[in-house]
> 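Mind looking over this structure? Questions follow.
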There are 2 protein chains.
Amino acid sequence: MDETPGFRPLYRQVYDYLVRQIATGVWRPAEALPSEQDLAGELGVSQGTVRKALDVMAAEQLVERRQGKGTFVAEQTQERALFRFFRWAYPSGQRAIPTSMGGTVRRRPSSSDEQRKLHLRENAKVIEIGRMRLIDGKPTIVETIVVPVMLFPDIDKRVPLPNSLYSLYQSAYGINIVAVEEEVRAELVRKDDAKKLNLTVGSPLLRIDRVAIALDGSRVELRVSRCSTRDLIYAVTIR
Amino acid sequence: MDETPGFRPLYRQVYDYLVRQIATGVWRPAEALPSEQDLAGELGVSQGTVRKALDVMAAEQLVERRQGKGTFVAEQTQERALFRFFRWAYPSGQRAIPTSMGGTVRRRPSSSDEQRKLHLRENAKVIEIGRMRLIDGKPTIVETIVVPVMLFPDIDKRVPLPNSLYSLYQSAYGINIVAVEEEVRAELVRKDDAKKLNLTVGSPLLRIDRVAIALDGSRVELRVSRCSTRDLIYAVTIR
DNA sequence: GAGTGGTCTAGACCACGCA
DNA sequence: GCGTGGTCTAGACCACTCT
């Protein structure tokens, strides 16, 4: 289970150090890191070793490297987060970036299911956000988001919430989302959602259950999205 | 559109050479490549350059590297292909590997939609395969596969077809599937599928339209899968 | 012990962005 | 022209596998 390598490459240690610097906010999103030469000097390793660590981080989209300019902490802009983690497309195949609207926010105790999926304690409280997403101004996706109060203490006071929460997580709470796990199901529309989405009873609906995973591997957000695939489909490439 | 770099790194040329060797069957699946030293000597470059090319290929899962043993052409075993490209899981979240059963095979002219998606000529013929997939012995997925006759000339004579066609594509036709693009929709079950899957009329169904992409980037197979998410869900991780 | 891939170093030169 | 990342080399040593 817990694999102890017994041998820890130098570049891994450099990697860990650099990730910690970013995670603790020493270098902020969009800021440049010191040059490879400078880092190598500071850490007492060769430039090639720093380079290898940075290459791994670039592959994980944690930093961005630009030849001639430098290495920059990756920034979760609105557009970037939406493009990376939201797999919606028009039936024609063209990618679609939904906007968000309104939203209700409330605090409540966590359910046992949420405790299990987010690794919360029994008495942990969560914040639940409900909102609609629009395509071309038309309500298309019903979205319910659940996050622990402990990690995002005042997020319910930040209404109106931005289109992509992930850039807010990064800028306001120092939490970087690096991956999402999604489960996709087909189900029949419920009465309340039918009204919101302007669908007839008995319509099929795509339901997506998402868990968002932060840089340190912890699960920090649950999200359920419901959408009619009359207007929008879910498109993904597996390599 | 066509990006001409004007500068072609050496390791890229080595990469192209090595990929060509594999694509043309000089080194067969599961075979070992020459060692880095030998390749470097043959090609007149340094070991580090060969290493960089091989690292890229390993990241693309084109080869497998094993310390102390060598570098091997990645093999599409049944299990591997199913685990990599089939995203089915039980509602509990545990991955599910469906088996396949029976199947009808027929040749017919390609539709204009197929011509567009597979980049076929107007008069191109295709082979259509229809079959069921089972979970725990129960019919669960209806699968329709379309491939061009040109690429798989005698595949309709190879019944019964294996559980994963991708290992057959590799071993019998030298075609390596390296990625799949999938579009997911929710729809209502059709009468014929309801019978096959033992569902009632009006049940929601998950429909997945897949395009399989070969090593050279060409699109070589279309596949439509229909499944009730009462028994199986579609699970994917986005990084 | 021999052979393989994996790590680490030091140094040279190239391509790129910018002032 | 300078500083950045990107490529390439040559060589040393380490970790792993098999004989």
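Lettering follows sequence order; numbering is per chain, from 1.
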> Evaluate the side-chain proximity of B:Q21 to B:L33: yes if any heavy-atom separation is below 4.5 Å, no if none is.
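They are not in side-chain contact.
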> If you look only at pairs with a residue in residues 27-85 of chain B, which of them pass as a ring pair (Phe, Tyr, Trp, His ring centres under 6.0 Å), with sequence neighbours excluded?
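Pairs touching residues 27-85 of chain B that pass the test: B:F85-B:Y166.
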> Determine, for nucleotides 4-14 of chain C in 5'-to-3' order, which nucleotides have protein heavy atoms under 4.0 Å from the base (write B), from only the sugar-phosphate (write S), or from neither (write -).
BBBBSBS----
> Do B:S167 and B:Q78 meet the criterion of a side-chain donor-acceptor pair at a distance under 3.5 Å?
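Short answer, yes.
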> Rounded to whole Å, how long is the line connecting atom CD of A:E64 with atom P of C:dG17?
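To the nearest whole Å, that distance equals 14 Å.
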> With sequence neighbours left out, what residues match B:F152 under ring pair (Phe, Tyr, Trp, His ring centres under 6.0 Å)?
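Checked B:F152 against ring pair (Phe, Tyr, Trp, His ring centres under 6.0 Å); matches are B:Y169, B:Y173.
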> Report yes or no: is the cationic atom of B:R12 (NZ for Lys, CZ for Arg) under 6.0 Å from the centre of the six-membered ring of B:Y15, at an angle within 45° of the ring normal?
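Output yes; distance and angle both within limits.
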